[in-house]
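Heads up, the thing below is written out as structure tokens.
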Amino acid sequence: MLELLWPTAFQIVPPCCITPCVNFGTVMGIEPFEGLTMRKSGLSLVLFGLLLGFTLPVTSAHAQATRTWISGVGDDVNPCSRTAPCKTFAGAISKTAAGGEIDCLDPGGFGAVTITKSITLDCGTFPGGILNAGAVNGVVVNTAAATDKVILRNLVINGTISTSPSPGPGLNGIRWLNLGQELHLDRVVITGDSTIGVDVNKTSAGTLYVRDSYITEVPTGISVISSVATVTAMINRSYLLGMSGNCVVAKTNAFVTVSNSVITSCNVGLSAANSGAIVNANDNVISFSQTGVSSVAGSTIRMSNNDLYDNATGISNSGTFLSNGLNRVSGGNPGSTSNGTIPLR
């Protein structure tokens, strides 16, 4: 009966001690031990693959890139690549490595953002908009290291000016707090905030660089202060106008240089507002303000080759006022004369 159920090739082979042995591998057309060898080889390959997988470095699906992109038609669930951009600066910054760059692919409103590491935000030929209405700051720079550097380029930060309808204007255009070595503003427009255009309020040394920028319709244009070390500001080829307070003010531990700029229609154009503060002004037009340049006791202003036109008071000095003798003051009360000269060398 067993013979009828099994094919000839699968007949039970009697023990070798009874009849001559028939090799099972030979009956199946397989060389002796070949099947076992193949199975062992396959298992070895599987084990090798597993071991290799454990030893190779793992690349996260969420690894940060050195350059990311945002677009008005992007989505923050995207990887922020050029072909799959994010929607906002806040969405892209978490996917961008320290020292990296976020670029704009097209014009758009990209939202307020807090920066905690070295990074560049650059909207190139497409000025990127940040609408910070509703009592929020447009950009907050609060980095973790004293050596961090941040560059903001080709941005428009709009606090909306009007207090009605709701939600009302933004607080500050840009705030630089605590640590960080450098903050660069290159072709940045700030308008319509309720407090300060650029508020530098640090606990360490650092330098603010402002170039080719435009700040208007805020109570104070640029304010610089540090609670510990000296912080400096270099403002060049920029426009600051329409301030109910100071266009540029240097406070405690602040050294500010303004050159080749237009300062107009402010309460005070340039102000050294605290003892120890220094304001250097070179080749500027300062006009149509209540006071063109002001200094308090213990502060210093140095002026060379400036034009002060039609200010109610040209220069109000209670500290040290040094001049190269080539500042032109016309219209209104010229105000203070220098009590020292900038020596020629």
Side-chain angles (χ1 to χ4, degrees), residues 112 114 129-142 152 155-177 183 185 188-202 208 210 213-227 231 233-235 238-254 256-258 261-274 277 279 281 284-296 299 301 308 310-316 318 332:
T114 296
I130 294 176
L131 185 64
N132 63 309
V136 298
N137 299 298
V139 178
V140 176
V141 180
N142 191 3
L152 307 179
L155 299 178
V156 178
I157 301 172
N158 188 353
T160 73
I161 302 176
S162 175
T163 57
S164 63
S166 179
L171 286 178
N172 303 281
I174 297 170
R175 296 200 78 196
W176 187 17
L177 307 175
L183 173 59
L185 309 183
V188 173
V189 175
I190 300 172
T191 182
D193 286 297
S194 63
T195 311
I196 303 173
V198 180
D199 179 21
V200 178
N201 193 337
K202 289 177 56 58
L208 169 70
V210 181
S213 293
Y214 184 94
I215 303 174
T216 188
E217 300 297 339
V218 292
T220 299
I222 298 175
S223 174
V224 183
I225 188 171
S226 174
S227 61
V231 62
M234 309 291 291
I235 303 163
S238 295
Y239 286 77
L240 294 99
L241 57 147
M243 318 288 177
S244 59
N246 301 299
C247 273
V248 178
V249 55
K251 297 180 178 180
T252 304
N253 296 320
V256 176
T257 296
V258 183
S261 296
V262 175
I263 314 293
T264 188
S265 302
C266 309
N267 184 46
V268 179
L270 305 178
S271 175
N274 290 78
V279 172
N284 302 292
V285 175
I286 304 169
S287 62
F288 304 117
S289 298
Q290 287 299 307
T291 303
V293 180
S294 173
S295 66
V296 301
S299 68
I301 52 175
L308 290 87
D310 299 306
N311 301 290
T313 300
I315 302 167
S316 175
S318 298

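Nearest heavy atoms, Ile301 versus Ala272: CG2-CB, 4.1 Å. Residues Ser289 and Ser265 share a closest heavy-atom pair of OG-N, 3.5 Å. Minimum interatomic distance between Val224 and Ala233 (heavy atoms only, all atoms of both residues): CG2-CB, 4.0 Å. Across all non-hydrogen atoms, the minimal contact from Ala133 to Thr160 is CB-CG2, 3.5 Å. The heavy-atom pair separating Leu270 from Ala281 by the smallest distance is CD1-CB, 3.6 Å. Here the shortest heavy-atom pairing between Asn132 and Gly138 reads ND2-N, 3.3 Å.
Residues Val198 and Val210 form no side-chain contact, since every pair of their non-hydrogen atoms from C-beta on lies 4.5 Å or further apart. The shortest side-chain heavy-atom distance between Val268 and Val249 does not fall under the 4.5 Å cut-off. Contact of the Val248 side chain with the Val279 side chain is not registered, since no non-hydrogen atoms from C-beta on lie closer than 4.5 Å.
Note that OG1 of Thr257 and CD1 of Ile235 are 8.5 Å apart. Values are rounded to the nearest 0.5 Å. Rounding to the nearest 0.5 Å gives a distance of 8.0 Å between CE of Met243 and CD1 of Ile222. The distance from the CG atom of Leu308 to the CD1 atom of Ile286 is 4.5 Å, given to the nearest 0.5 Å. To the nearest 0.5 angstrom, Cys266 atom SG is 10.5 Å from Gln290 atom CD. In this structure, CD1 on Ile225 lies 6.0 Å from CG on Asn201, to the nearest 0.5 angstrom. A distance of 7.5 Å separates NZ of Lys251 from CG of Asn246, quoted to the nearest 0.5 Å.
Proximity of a side-chain donor or acceptor of Ser194 to a complementary backbone N or O of Gly170 within less than 3.5 Å is detected. In this structure a side-chain-to-backbone donor-acceptor pair under 3.5 Å is present from Thr216 to Leu241. With hydrogens and angles disregarded, a donor-acceptor distance shorter than 3.5 Å links the side chain of Asn311 to the backbone of Phe288. Between the side chain of Asn284 and the main chain of Ser261, a donor-acceptor pair closer than 3.5 Å is present.
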Next on the checklist: If you apply the rule side-chain contact (heavy atoms from CB on, under 4.5 Å), what do you find for Leu208 with Val231, and how did you get there?
Outcome noted: CA-CA 8 Å; Leu208 169 70; Val231 62; 6.0 Å; no
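Taking Thr264 as the reference, Ser287 meet the side-chain hydrogen bond (donor to acceptor under 3.5 Å, both in side chains) condition, with sequence neighbours excluded.
Using modelled atom types, one finds no donor on one side chain facing an acceptor on the other under 3.5 Å when comparing Asp193 with Asn172.
Within the structure, salt bridge (Lys or Arg N to Asp or Glu O under 4.0 Å) pairs that include any residue of residues 167-176 comprise Arg175-Asp199 (at least two apart or interchain).
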